[in-house]
Protein chains: 4
Amino acid sequence: MRAEIHRLSMAHPGDVSALASLLQSRAVHARSICAIIGKTEGNGGVNDFTRGYFTDRLMTLLERYLNEPATMLAKRIPCVLSGGTEGVLSPHYTVLCRVDADGPGSIPALAIGTAFSEPTEHALIGTKAHAQSIAAAVRAAVADAGIEAMDDVHFVQVKTPCLTSARLAALQATGVPLKASSAGQSMARARAAGAMGVAVGLGEMNLDAINDDMMLGDFAAYCSRASISSGVEVDCNEVVVLGNSRRWTGPLTVAHRPMQDAIDLDAIHDVLGDLGLPPSRQVGALHRDRIRCVLVKAEPDRRGAIRGQRHTMLNDIDIDPQRHIRGAVGGLVAGVIGDTRIFVSGGAEHQGPDGGGLIAVIAERAAQQELTGE
Amino acid sequence: MRAEIHRLSMAHPGDVSALASLLQSRAVHARSICAIIGKTEGNGGVNDFTRGYFTDRLMTLLERYLNEPATMLAKRIPCVLSGGTEGVLSPHYTVLCRVDADGPGSIPALAIGTAFSEPTEHALIGTKAHAQSIAAAVRAAVADAGIEAMDDVHFVQVKTPCLTSARLAALQATGVPLKASSAGQSMARARAAGAMGVAVGLGEMNLDAINDDMMLGDFAAYCSRASISSGVEVDCNEVVVLGNSRRWTGPLTVAHRPMQDAIDLDAIHDVLGDLGLPPSRQVGALHRDRIRCVLVKAEPDRRGAIRGQRHTMLNDIDIDPQRHIRGAVGGLVAGVIGDTRIFVSGGAEHQGPDGGGLIAVIAERAAQQELTGE
Amino acid sequence: MRAEIHRLSMAHPGDVSALASLLQSRAVHARSICAIIGKTEGNGGVNDFTRGYFTDRLMTLLERYLNEPATMLAKRIPCVLSGGTEGVLSPHYTVLCRVDADGPGSIPALAIGTAFSEPTEHALIGTKAHAQSIAAAVRAAVADAGIEAMDDVHFVQVKTPCLTSARLAALQATGVPLKASSAGQSMARARAAGAMGVAVGLGEMNLDAINDDMMLGDFAAYCSRASISSGVEVDCNEVVVLGNSRRWTGPLTVAHRPMQDAIDLDAIHDVLGDLGLPPSRQVGALHRDRIRCVLVKAEPDRRGAIRGQRHTMLNDIDIDPQRHIRGAVGGLVAGVIGDTRIFVSGGAEHQGPDGGGLIAVIAERAAQQELTGE
Amino acid sequence: MRAEIHRLSMAHPGDVSALASLLQSRAVHARSICAIIGKTEGNGGVNDFTRGYFTDRLMTLLERYLNEPATMLAKRIPCVLSGGTEGVLSPHYTVLCRVDADGPGSIPALAIGTAFSEPTEHALIGTKAHAQSIAAAVRAAVADAGIEAMDDVHFVQVKTPCLTSARLAALQATGVPLKASSAGQSMARARAAGAMGVAVGLGEMNLDAINDDMMLGDFAAYCSRASISSGVEVDCNEVVVLGNSRRWTGPLTVAHRPMQDAIDLDAIHDVLGDLGLPPSRQVGALHRDRIRCVLVKAEPDRRGAIRGQRHTMLNDIDIDPQRHIRGAVGGLVAGVIGDTRIFVSGGAEHQGPDGGGLIAVIAERAAQQELTGE
């Protein structure tokens, strides 16, 4: 197997013409598409409908090629969208494909796996049981990817359900004690459970060591390979795993690093170094095309300061804190890469160090590396 | 003379307690203060009153020490505030002081000069005549700073008046043909005239070579040392010049670079190199304290793309384009410096390359440099 | 013929399930649908994609019943959406149908007509020629509606194209002198031309009496029956006319009134009186169901004050002025009607008195009126 | 005693020139001022500094006339400001004065009383104890006003402290179990305690009947005469009571009504009727000047719908829910009064019916009433 990556631009959230062209010219076969990860230009909040709009158009496009209803496709092909292209960020989507290829490569190559869990019971959202269910899905996706060692996993994207006001009210009526008092809190708790679930799935944490109170309680517990989004539009846990495996071939590889805070420039340079890119201030034109996908999670520091200096993200009622942080971290990462097609997602609770987050990058190996590897 | 720089934090836009402490302990003498440049946490727009609030508190504080009414002080001490601490940016203000010192130094040191022009006639705002008046004030401020060569000027901050809706209507009633159709356009035109004025004042452009149509028309014409803000709160042009001069002594020095676009990371590293800071990904802890003030102008690219990739800043009616760009460029610069106390101001028409802007930094020379200089 | 009105709610901008149910149960026949007018919950600006999302879903739904591609349907069935349900406003859409009915009624009943013009040349957008083209389409829609006297027309909705930044640049390159300097200004000029066009089409103004300089120049010239929206998504002028005609039958009727300013409560009561509703503070429960569609245009007063008191809508860079005014006028109209499903649209240049706008209401006649009519 | 009311406009949040003129011309004596209630044009959130800016300028102005430091004045003259003049609302402030007058009047006239409690312990904020302390302050203010029967009280404005992130962290460190998990929640709980406190103080509720769980729990418990604002800028509870008393004289009187929901038009008309204004759609020009102050509390319905129709205020991350509701209810009330100088404040938990709020109006009695009274 060989992973192929297509990073495509969109003119607006309803524009899937770039993929349509690739499908029509048979540069991409619809059947090879295993996941989509992208940034749309909404506000990234509950009332961001650009994610639904894009997903709708995408699945309608694939329906034509796969003779399967769009609604069914949406239940087996993860389409993970993060709303909000603040600052320099450019709306784009990355199509992850799995194509047949001769024999395994001599060196580990990018491996992609996906899995869907059973629907999550509403009463369990944001609890240890939720984490446990996600852990199982993560292991299934790792197996699907054919990754043998958990250390070879570098990025796990999870989409997981949350409670709405209506669901909260229904639960309350049945006497279930609620951990969350609003839809927003439920989303945060679901992301927390997701991060713990990934940690358990990857063997970083022991299931016995986690409990409900750690969720949004103990921020020393985190997973630097977990990227969780939570939304009302999903019923079960959708998982995309990215790692390296000798069972796969091709020039692509993936690496990741935790970010200690929102201005952790070293983490960005370090992950590029991990991928064999030569040291530079900004990635040079020669090497820039080797970088095929950049995935970042970030969070406004909940203590209200970065390296001792007060920030104002958490108290601004005009701009949502997540919009603030995506713009700032997006500017930093885009500056180092020299490209504004960066996936930056907020809501990074337990996903990397508190107040920081993580960065994962997919890149082509240099020709030389390939040779050295052989 | 010796320049002293105090970079102070504020807990909110009415908080001048940090300066009050320095004045009370006589660490700063009120009479030495020649200008203030800072960032407050408003939205940076017409309806940002954090600038007025801070100025009011600051002048009321100085009134107590200088026995001069606050309203008079505001007319001779420039207080340049940029609203908007988007993303990681931290509200802060830099107090620029001029203190007596023994004899001139052997190597050029930071020099500060200020000047106020006559009030600008409303009909002339945003025209060549406006630029001419600013050019004269720039030359007066350069002379006040004791800077001998124009090449030694690295940053010129101008605050200049603009037209309000009421003033536009009054002008129209007198039959004056209007270049601007709204207060916002008038602000942009005033900034354009300001940039041209600085260029002429510094000898970069010839007065004969500029005309009204270039303002917001010919973006190939720019000045990389001009930082212009325009507002209804001023009647005349206020100018602060920063440069290096052998007539001044002390460890501080200033440098600047144009930024080609919003992710021009090289420009940031280059200006640090100009100041003698050793190459590094992020300025290290050892050298970070040497950096005393970072001043940036930036602008969302009016062509709608950065390095060929579409951005969405200009079409977002929820977040003002200037808020977008400050957050992104602020994140990038703070990442390189390792400090979030960065002055980033939007509205950079003709102030640096189109779609980019400029960066100026004040830093202490390294001990070694001082020796080498001798 | 008989007009039928279905006012339907949506759970989100991709939700057309209410209409789907009516189509499936044959309560509505797809072929009878002649226009849709609705409010979606976006921000109402250039970057509001809820309009496109809803239109996409709606046309895809109709495609299934009409065996005609969605893209073709969009070119013959006007779908006029206004983004922004600020304050109490509720997302909803009104489906206007034309069904066969026995013989004409004895009293005038609601009549609906539509028309599409040829595509508008970009160089002509916002000019007298643009208005002339719209006037012709208005007359075609009046004829389509079978309305005999222009006085019987009460509401004309026009969707008309505008210039984008790209189109502006292309025009400038060909040497065409531009009236608008930005996409936003072009939208405003297009709306102005649309209002003039409706006025001419309805015979309120003489074509010879209008000229390019009146657009956004002479606000004493207006049309209280014109509701214009402008957007990049259309190439030609789409027109929906609502009036009363003896050729139609059924219990519905329409009336309209200009609003003198944003708090013109009398206008709202007057239009209800025109429709035969009994005087009341708020429409009572008994009569409320008779009101089937409420259409409002409004505008923040450009002079910055309402009845002598300053307002802050035009200077707020956090909330778009049109979002402000929709919320305020929507609150007032919803309060009188006792129902929050109100179509309130901003951008009311020349559509009603300056600083005000207009209100049109479709209602069922009272049983008594019906009798009196006979 | 006689109450005098001065409703003054401001050009911006730092503009107290209208009051300055009245003081200078001796139309108002500084010593007579007992409270100020106003609307400033900020966003109304935690990061709204227009309230602090205005208070600062106001107290500095009074300092000159009262020979008492501004900081001391702020501790004895309540200055209650609500940020946010969304939609048609006009920034303004009402100065409430108490002047000497000959003997008591024959009919009850507007009475004003104020009180300040001891500082509230942080651990008690939002609890029954907090409510108890507020109840005592309310009773003190009623006594100060010389109002004999609790039924004669029509409006009680309370400013009360809340917890900040820092205070929450400090409490958590001491092991106090926290009811609120964020500053925003603490503000809501403090407002809830305030409403209960007013209810107890006015004898509407029995102290024994209230408990901590009712706060934000049982919305059937409310007080239609309580208007509570909570903020970090106060340490103790500040109370302003408005009612009618025979101990006061003059033409002014006050009335109030609960609002059942955000479009409760009847409540507005009813309160005008209570004040003797003749029935009308909009208050006519003849009677409009009799209305001297309009005070409204409102709240987006937490159940997500108004009279069965979905609203979108609670899910919009671009516009704060409180900004939405102020704009809508402000538009409605301004429409009935025919004047946009309306005090509309959000955060109406337990202050009037759930999803609604309250309205109180101060007006001059008609000449005829005066006669009838005698």
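Chain identifiers are assigned alphabetically (A, B, ...) following the order of the sequence lines, protein sequences preceding nucleic acid strands; residue numbering begins at 1 within each chain.
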Check: Which bit of D:Gln185 is near chain A, if near means a heavy-atom gap under 4.5 Å: side chain, backbone, both or neither?
Finding: side chain
Checklist line | Which portion of A:Arg323 sits near chain D, non-hydrogen atoms under 4.5 angstrom | finding: side chain
Next item on the list: With the side chain counted from C-beta on, respond yes when D:His311 and D:Asp301 share a heavy-atom pair under 4.5 Å apart, and no when they do not.
Entry: yes
Checklist line | Nearest-0.5 Å distance, CD of residue A:Glu41 to NE2 of residue A:His92 | finding: 12.5 Å
Notebook entry, point to check: Below 4.5 Å, heavy atoms only, C-beta onward: do A:Thr160 and A:His130 meet side chain to side chain?
Noted result: yes
Notebook entry, point to check: Can you find a heavy atom in the side chain of D:Arg189 that is under 4.5 Å from one in the side chain of D:Ile125?
Noted result: no
Margin query: Which one wins on heavy-atom pair count under 4.5 Å against chain D: A:Asp320, A:Asp48, A:Asp318?
Written below: A:Asp318
Item checked: Option in A:Ile319, A:Val46, A:Leu314, A:Asn43 with maximal non-hydrogen atom pairs under 4.5 Å from chain D -> A:Asn43
